[in-house]
Amino acid sequence: LFILSLVLLLLISLLSFLFHCEHSLAFSLKDCTILYSENSKNISVTCAKRHLTAIPDDIPGNAVSLNLSLNGISNISKVDLRGLSKLEALYVKNNWILQIDDGTFADLVELKVLDLGENLLTALTKNMFQGLSKLETLSLDNNIISFISPVVFQPLVILRLVDLSNNYLHQISDIDYIVKLPTLQHLIITHNNFTLFQSDDLHVNTSNLLTLSLDSVKKFSITRDIFPHLQSLDLRGWSKDIEWEVSNKTFLRSLTRLHMSETSLSFDVYRAILQTAYSLQEFQMDNIQKWIDDGLIDVACQIPSLRTVDVRNSEIHTIKEHMLQSCSNLVELNLSFNNIKSMADNALPSMTQLRSLILQNNELSELPVAVQGLTTLEVYDLSDNVISELYCPYFWNLKSLTILDLSHNQISYIFDCVFQNLNNLKSLNLENNKIMSFIDTFKDKLQTLEFLNLRNIDIMNFIHGDFHSLSSLQYLCIDLDKCDSVDEGGFEGLDNLQILYLLGDNYFYDHFSGLSNLSTLILNVVQSQSHNSSEQRDRPFSNLQRLKKLHIKVHRGYYDISKDVLSGLTSLEYLITEAYFMGSLYPDTFKYTPQLKHLRISYSELSVLTSDVFLPIPNLITLDLSNNKLRSLDFLAEAKLSALRWLNVSDNELFVISETVIQSLPGLTYLDLSANLLTCECSNYGLIQWIQGSKQTQVVNAHQYTCSFPVSQRGKKFLDFGFDSCRIDAALLCFLFSSSLVMLTLLASFIYHFLRSHLTYAYYLFLAFLYDNKRRKKGIPHSYDAFVSYNVHDEAWVCGELLPELEGQQGWKLCLHHRDFEPGKPIVENITDAIYRSRKTICVISPNYLQSEWCSKEIQMASYRLFDEHKDVLIMVFLEDIPANQLSPYYQIRSLVKRSSYLSWPQAGQHTGIFWQKIRQALEREENPTELHNGTSPAGG
Ligand SMILES: *[C@@H]1O[C@H](CO)[C@@H](O)[C@H](O)[C@H]1NC(C)=O
Ligand SMILES: *[C@@H]1O[C@H](CO)[C@@H](O)[C@H](O)[C@H]1NC(C)=O
Ligand SMILES: *[C@@H]1O[C@H](CO)[C@@H](O)[C@H](O)[C@H]1NC(C)=O
Ligand SMILES: *[C@@H]1O[C@H](CO)[C@@H](O)[C@H](O)[C@H]1NC(C)=O
Ligand SMILES: *[C@@H]1O[C@H](CO)[C@@H](O)[C@H](O)[C@H]1NC(C)=O
């Protein structure tokens, strides 16, 4: 039993230890947030911008992505990332990391992306990246690294990209070991202190590098065939004249892409570079205005394989006649951000292959004539210029055009013939212009158009039939802000329209007819009030049976939204509103939208909601009620939202969240309660415990919530509340319970071992007590004068001597077990009965009596009456002289013998008369001096 109780003690301590550990496994993180994802395996944790100085210790072990950027973490040690074996991406950009211990990443066996950019690392030491055998991308940009250990990259057996830009590396041999990596494809080493890049300094025979970014070297020298696969060379930022040496043209045979910038390179260097890159297909230059006039573009175009020229930010004010004369093979030409004001009419000579021309962000005030004849052109971008007029037949020859961007210009008028012949156009962007009206602009044209952006134009009239022939249109964004006359059926003909984005003053209810395939409608309106007739106002979307997503953002919400407003939206899955349902919701608002899965009603001044509202939409997965005035979430308890996974009720006036609300949302994984008025009272204690214990639901930023009430608690951390005041500390309870259990077990085993005999006694005392109480309550009188307790071996004396004298001569009524015990009754009960129904008990003591079990019980019980009831009930008759030492094991008898007088048969000898006389006296004595003897009286008396 001792061992048992020890084992029990250990077990219980273990249990309470586990109970305590549970807290650290909880789902609501101290400083981080698990981003909500429909895919529950995709655990993305962000701890960015939280003023952290160390990596939090409660990142879940199954996190796949961890963002620790923009904090003040200064070192990472072995324990910080322990156990994150599922992590695939780790971003620690923009911290103050000086020190990374060896083996820090040892557990990150699945890591593919590691970003350590913008820190204070000075060296990459030997075992820093140990264990990162699946790393593909490593960013170490913007540190102060000047030392790289030769073996640091050895564990990175499938590394593909290394960014070491903006560091203090100065010898090319520092990157020897990186270039050597057989899997490495992309290396970025711009903005370091390299002065020479010489293949002779690299102890590599051949590298698999595909792209290399490098700048600011005095000498670039390749004298061995070490980069046979190099496709792309980024040499931006070269500010000084350099020495360019590629001893055999074939060394750069794979180079197809070259990106350069900076004006201070001499023309000759450019020419030298271009001459060694004989396979070049794509040439991108920034800031080379100085050499444009000298014909640099033309020099590049002389490379027969060149297809793409991209010259940005180079202040080319005019595209002159000969500037591009060798460029007839170009497929793509990008001249954006150049302040081009004019273009010679024959500036784009016979470019019979040109497919893309980007003239974005220049100062063209007219459509450039040079483009007119480019029949192969597919993408034409004229956005961000100052063009005011579109005229005919400018676009008529551009028959291949699929994408035309005219946004951000000054176009005020479009002749009705402008888009004629554009029979392949798919996308037309007219955003941000001054177009006032469309008069037959789209009529009988643009049957292939799929995307049309008319946002931010000054359209005044919106006339029935404008879009009649745009039968392929899928996306339309239109601004009706300034529209003062709107014809009914304005969207008719747009049979395939799927997404309609409407901006305006009001919404134009009656214009949704004819949009039978619309799946997404986005309304961004100033007022939700309408001037239209009431049926249309009440059921504005009733034609949109296929609509899946409806977004309504209102700037000035109107309070009387009809209860049938969602009528007809039987397919609706997303309803995202801002300031739309102002003040309240009708209970059956959603009866029309049984498919609804995602609902947002924010900035709507809702203060009360009822559960009825949600009964028609039991499939809701996300619910956003943020930025309202809700004071209670009790309506959720009956709302039956068992599928709800994401709930945002931030920025309300909630102060108590009851446990029934929590229990009514069994599927919840994400809950945002921030910016409420949480009360630190015991009524919220259930919530606090649940936040700390739940392994399913993340309560976002819960560790940052503070108490709003009572005033004495204001500003304190919400989760810290309640430890002393409300908590029946489960752990304490556990401790108390376990210790009492242990004590009890110990006690029991102790008692069992040492006081076994006392136990039986206590048991009978208890029985006797019960019996006596019962008898006294009922007032039952004694049936016998004496119960004679004796052993069967002494029956001869009892029947031969005692019975005749006491019953015969003296006339007492005796109770004898062989005669008066009720057959079938348990013997213990019979004994108790006999003792209590008799005034006295005569014990006939002999050696046999002492050895008998039953007799000792009888004496025990009788002595209980003697000692504990203070009654004189026991008469002891010794049949033989028993020496004291034989009596010693029977301590009760011994103490009785010491205490009261007893009768001895042997001592009576021949004078039995005195002996019997003494018994008569004993029997006559009142058993209780205060109690009147009104029971049986001695018959012989
Ligand atoms: C994982 O979740 C993040 C954040 O919610 C999301 O950006 C990313 O696209 C998701 N990735 C996958 C594979 O579901
Ligand atoms: C990490 O978080 C910062 C701050 O929110 C954000 O700007 C950055 O894009 C995030 N990085 C990634 C890779 O998601
Ligand atoms: C790492 O940073 C933590 C927190 O700033 C600091 O307590 C600890 O001493 C640092 N360890 C080392 C090795 O610099
Ligand atoms: C590296 O260059 C920077 C400026 O580009 C300079 O401040 C720094 O002293 C140089 N470091 C070394 C080691 O040359
Ligand atoms: C250039 O290299 C190629 C193959 O690598 C070789 O065949 C050719 O002879 C070399 N030319 C010169 C001038 O060394």
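We count ligands from 1, going down the list as the structure has it; atoms in each ligand are counted the same way. In this chain, residues are counted from 1 in sequence order. Just the heavy atoms: all of them, side chains too, but no hydrogens, waters or symmetry mates, feed the values below.
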Should we count OH of Tyr603 as having more than 12 external heavy atoms under 6.0 Å? no
Counting N and O atoms only, with roles assigned by atom type, does the side chain of Asn456 sit under 3.5 Å from a partner on the main chain of Asn432, one being a donor and the other an acceptor? no
Test item: Glu282 side-chain N/O and Ser232 main-chain N/O as donor-acceptor pair under 3.5 Å: no
Ring centres of Tyr177 and Phe153 under 6.0 Å apart? no
Side-chain donor-acceptor contact under 3.5 Å, Asp268 with Ser266: no
Purely on distance, is any nitrogen or oxygen of Asp225 under 3.5 Å from one on ligand 5? no
Near ligand 2, at a heavy-atom separation below 4.0 Å: residues by chain and residue number: Ala48, Asn67, Leu70, Tyr91
Classify the ring geometry between Phe718 and Tyr705 as parallel (under 30°), tilted (30 to 60°) or perpendicular (over 60°). tilted
